[in-house]
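Just so you know, ligand 1 is whichever comes first in the structure, and atom 1 is the first atom listed for that ligand. Note that the structure is predicted; figures quoted are calculated from it, not measured. Note that the numbering runs from 1 along the sequence shown for the chain.
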Amino acid sequence: MINKINALLAEITHLHAGNSEEIEALRIKYLGKKGEITQLMNDFRLVAPEEKRVIGKMLNELKEKARLQINLLKESFDNPDVAGDAPDLTRTAYPYRTGTRHPLSIVRKEICDIFARLGFSIAEGPEIEDDWHVFSSLNFAEDHPARDMQDTFFVKQGKDLLLRTHTSSVQTRVMEKTQPPIRIICPGRVYRNEAISYRAHCFFHQVEALYVDKNVSFADLQQALLFFAREMFGAGTEIRLRPSFFPFTEPSAEMDISCNLCGGKGCPFCKHTGWVEILGCGMVDPNVLENCGIDGKTYSGYALGMGIERIANLKYHVKDLRLFSENDIRFLREFESAT
Ligand code: DAH
């Protein structure tokens, strides 16, 4: 019996199989109902009592080893990296983490997706613009302070080339080329000559929306705003509109939402008012429509514009907006689950 056990032990340390059927055949050969090891186990009852302890231990070890060897063969087929002796040189040495979407990209996509559900399609325009598209066509007076060197980066002194200060310029670009109905959402980067601090940067991002058609009313604007606010900040969100002024809209308004931190009760974040400001909007001034070749008597429209950093700040409570452009990997990784 001992000889037989030792012979089998030697045999099973050198098992080879070319495919899974061969492995199964080996399992049946040794461990199947009539397998060699199973038979030895059956014969165990014939072993003399004084030998039972030693032989019993050897038998158990043999069985365990056979099981292990067969499992190893199986694994090598399930996992090709273990198969054969050659290591798989195409495998990476260390597990690696994939990147995450930038929080501003996450928020931009979310804004665009919400407006896409209202039938808006994306339009883009150049970052290097001219005075007409950024200011004049949008009804800015000749002496409007936004044209000032304080705010606008001019590409070359004396040349009509500047970095756009808002994405409203895309409105003009689209209206000049298209007759209504127009329903567009324009995300993009804008530039202003501001000192960099935790609350201002010389570049940031905006999304502009424009809807022009027959009979577009202020009520349509309000509906779109309420829909947007609730999709973005939750179903319980309330909005309020305050009268404001923008050269390109008449009437103009600024929209606040009920503070999404305290639910409108008042907290330090909303300066105890219960409201936080999120965007500017209004009915497109007929002058702007006419400037772009659209009949201001037949058509009307609404427009709105918001800062993506502002929305991201409200959603994720990022206080220092410099974080958005510093590419600190520890900050970016916080958005892994939001991607
Ligand atoms: N362009 C404005 C800004 O940069 C934002 C804005 C306000 C856009 C009102 C609009 C609007 O379309 O109607 O501050």
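In this structure the side chain of R242 reaches within 4.5 angstrom of the side chain of E277, judged on heavy atoms. Side-chain atoms of H102 and L332, non-hydrogen and from C-beta on, do get closer than 4.5 Å to each other. The closest side-chain heavy-atom distance from M306 to M255 is not below 4.5 Å.
Counting only residues at least two apart or in different chains, side chain to side chain donor-acceptor pair (under 3.5 Å) contacts with residues 300-318 comprise E110-K315, H205-E309.
Protein neighbours of ligand 1 below 4.0 Å, counting non-hydrogen atoms: H166, S168, Q171, R192, Q206, E208, F246, F248, T249, G280, C281, G282, A303, L304, G305.
Here H166 and F246 keep their ring centres 6.0 angstrom or further from each other.
Cluster annotation: L31 and I28 are assigned to distinct hydrophobic clusters (Ile/Leu/Val/Met/Phe/Trp/Tyr, side-chain heavy-atom contacts under 4.5 Å, transitive).
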